[in-house]
Amino acid sequence: MIGLNSSSSSSSSKKSSDPPFRTYQAFVWALYKYFTSFKEELNTIEKDVIAKDETVTLSSVLERLSPHLAQITMLHRVFCIGVADVPPGTPNVLRASHLLNTLYKAIIEYDSVGEASEQSVALLFSLWVETVRPYLEIVDEWIVHGHLFDPAKEFIIQRNKDVPVNHRDFWYATYTLYSVSETVESEERLSDAASGSSGGEQASSSRQHTMVSFLKPVLKQIIMAGKSMQLLRNLDCKETAQPDDAERKSLYTLFLESVQTRLWHGEESPTNTVTKQQATKKSLIKMQSIVARHLELDDIHDPLLAINFARLYLEQNDFHEKFSVGNVILDRSSESVTCQTFELTLRSCLYPHIERRYIECCGNLMRTLKKDYRLLGYLQAMRNYFLLEAGDTMYDFYTAIFDKVLEKESWQQLAFLNVQLQEAVGQRQPEDSNRLSIFLETIDPARKKQPVNNLDGLTLSYKVPWPVDIVMSSECQKIYNQVFLLLLQIKWAKYSLDTLRFSDLTVAAKTQEGGQSEESTAKEPINQQIHRMFLLRVKLMHFVNSLHNYIMTRILHSTGLEFQHQVQEAKDLDQLIKIHYRYLSTIHDRCLLREKVSFVKEAIMKVLNLVLIFSDRWQAGFGAWKIESIDKMESDFKNCHMFLVTILNKAVCRGSFPHLESLALSLMAGFEQC
């Protein structure tokens with residue numbers, strides 16, 4: 001014992017600066033309570049032997065001790081697997097996870113045996129309930145106060161302190177979830193112990209990824225509630241009123257009360273039940289202070305060493321008081337004897353308390369973002385400007401650019417673009433004028449060979465404040481800008497056709513009629529050429545209008561209504577972020593911007609480019625182009641039109657893109673069969 005103490009003092013001085021490993025301490029405390037009761041049984045046997053009231057044989061002593069010896073053998077197996085066999089230097093998060101998983105699996109394995117292992121399951125359950133206390137205290141502190149207090153780094157979720165709360169990456173990069181890798185060998189050894197087999201067969205050495213098993217069903221809720229509460233604490237709002245710890249019950253206390261209610265025999269009167277609950281609460285409070293005082297000892301690092309030190313407190317009366325969970329007995333009369341009993345207990349006694357707190361925290365955060373930080377307003381602003389839902393405002397902006405193009409004037413100056421944007425926005429939404437800006441990205445000149453590509457590089461930027469930028473990140477704005485560019489190109493083609501005047505072509509034709517050569521007249525009369533231009537303009541307008549209506553109504557408007565409904569139904573911020581990304585992905589795909597359907601977009605771009613060329617030649621007047629150019633434009637349009645109708649019809653028939661059906665039908669209506 002002296003040698004043990006001297007080695008412990010050197011170990012203590014070596015690790016005195018380390019914070020206490022609370023999971024191991026709780027496990028040691030549970031073991032100590034069991035061995036205290038075992039010592040009491042030994043004292044009782046000793047008194048019976050000394051009293052000599054009846055004959056005491058070695059066989060009778062072994063018979064009385066056999067249940068305890070079997071339990072000690074079981075505890076030794078659990079201790080070896082969960083603690084002793086863990087390699088030195090293993091991080092605390094792996095130690096704690098492994099120990100809790102070992103106890104969890106041991107309960108499941110022994111519970112599957114049935115009534116034969118009833119006492120073993122009860123002992124393991126009480127051991128697990130005590131050992132899991134630090135984990136539940138960490139969870140409680142996080143989801144109630146938004147503070148992940150884990151000095152020993154034993155919890156499976158760790159805070160990344162390099163990312164402050166008010167950073168836009170807070171929601172994504174603040175916490176690290178450890179996926180623990182364990183050997184299947186541990187499970188096989190526990191299974192052998194529960195079934196009584198010798199375990200002589202060679203165990204598998206393969207490894208599998210796992211985590212603290214009992215938290216898996218509610219891990220998402222814990223993470224969401226913890227992050228939401230931490231975010232709420234840093235927001236200036238009324239939803240962050242902190243509960244009074246003196247009056248509220250901790251998650252661990254609620255769990256214990258629920259377990260006792262579930263396992264209660266149920267024949268006491270309501271008055272006695274209330275009295276016992278009050279006594280239990282007082283016992284909990286008193287025992288918590290005792291445990292806290294004893295666990296402050298720096299010497300408690302090695303579990304076996306801690307048990308030896310715990311014996312020094314045997315003479316203290318308070319130390320002999322029973323902690324409430326020590327008296328919990330699994331009542332199998334009210335539960336079916338299956339291996340699912342433990343999971344059902346967690347599902348009814350622990351998970352509802354976590355789920356309730358998750359709903360409260362995340363609900364408060366969503367209400368705060370929507371009410372105090374105008375989340376819905378900013379989402380609408382993104383659709384107004386990037387998706388052109390604010391039609392009158394954005395019309396004033398982009399038509400100023402198109403007019404410059406038609407007049408053959410330079411429009412690619414940031415000063416001109418921002419002035420036009422500010423004037424358009426400032427008249428109707430002045431609150432957004434300081435947030436919205438536009439700039440030109442540098443584009444490879446080779447990409448601007450076609451007229452329709454002249455708008456490439458035109459990029460909108462909308463400054464979203466924190467914490468709304470968690471939802472609307474810079475990556476989201478990139479997708480918005482891709483859709484914005486496509487809409488501008490369609491609007492440009494539509495505007496070019498809408499502004500064409502018949503008089504421009506007919507007046508120029510009359511001027512050229514007198515000087516037209518006989519060769520040209522022989523090929524095709526002027527009126528016939530003009531008529532072909534009129535017909536081609538109508539066909540191009542039908543194509544562009546069909547595409548425009550499909551994008552603006554079938555895609556953006558319909559998808560936007562669905563998105564607004566989903567935003568209202570979102571329960572937490574993570575769900576809202578996913579809804580927003582899914583919305584952007586949907587409109588990105590349905591606007592044919594995905595790489596997989598790039599060939600369809602290329603065909604559409606050819607038609608839009610043809611529209612711009614056609615508009616330019618129309619405005620140049622009759623005689624500025626040859627009749628062969630009309631033939632080529634008609635041929636190119638017919639080929640692209642036929643290609644798109646064929647491809648879209650095949651896609652609709654296969655069911656690959658059901659949203660394209662309206663566009664396919666509309667284009668088919670204007671398609672010539674000849």
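Quantities reported herein were computed from a predicted structural model and do not represent experimental measurements.
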task = Please test Y378 against R435 for side chain to side chain donor-acceptor pair (under 3.5 Å), starting from the C-alpha separation and ending with a verdict.
result = CA-CA 11 Å; Y378 287 119; R435 298 190 178 278; 3.2 Å; yes
Any L231 side-chain heavy atom under 4.5 Å of I470 side chain = yes
Any side-chain heavy-atom pair of V132 and L103 under 4.5 Å = no
task = Kindly determine whether T459 and I438 satisfy side-chain contact (heavy atoms from CB on, under 4.5 Å), including the steps that lead there.
result = CA-CA 6 Å; T459 306; I438 194 164; 5.8 Å; no
Pair D572 + K227, salt bridge at N-O below 4.0 Å = no
ask   = Parallel, tilted or perpendicular: which describes the rings of W128 and F214, with under 30° parallel and over 60° perpendicular?
value = perpendicular
request  = Measure the shortest side-chain to side-chain distance between S474 and Q477 over non-hydrogen atoms and say whether it is less than 4.5 angstrom.
outcome  = no
ask   = So do the side chains of Q564 and R383 get within less than 4.5 Å of each other, counting heavy atoms only?
value = yes
ask   = Using the ring of each side chain (for Trp, its six-membered ring), is F155 parallel, tilted or perpendicular to W142, with breaks at 30° and 60°?
value = perpendicular
key: Six-ring centre of Y351, R347 cation under 6.0 angstrom, axis tolerance 45°   = no
inquiry  = Taking the side chain as everything from C-beta on, heavy atoms only, tell me whether F439 gets closer than 4.5 Å to L417.
reply    = no
inquiry  = Quick test of your reading of the model: are R133 and E130 salt-bridged, counting only N-O distances below 4.0 Å?
reply    = no
ask   = Are the ring centres of F27 and Y24 closer than 6.0 Å?
value = no
request  = Before giving the answer on side chain to side chain donor-acceptor pair (under 3.5 Å), spell out for S250 and E137 the whole-Å C-alpha distance, their side-chain angles and the decisive distance to 0.1 Å.
outcome  = CA-CA 8 Å; S250 68; E137 288 177 345; over 6 Å; no
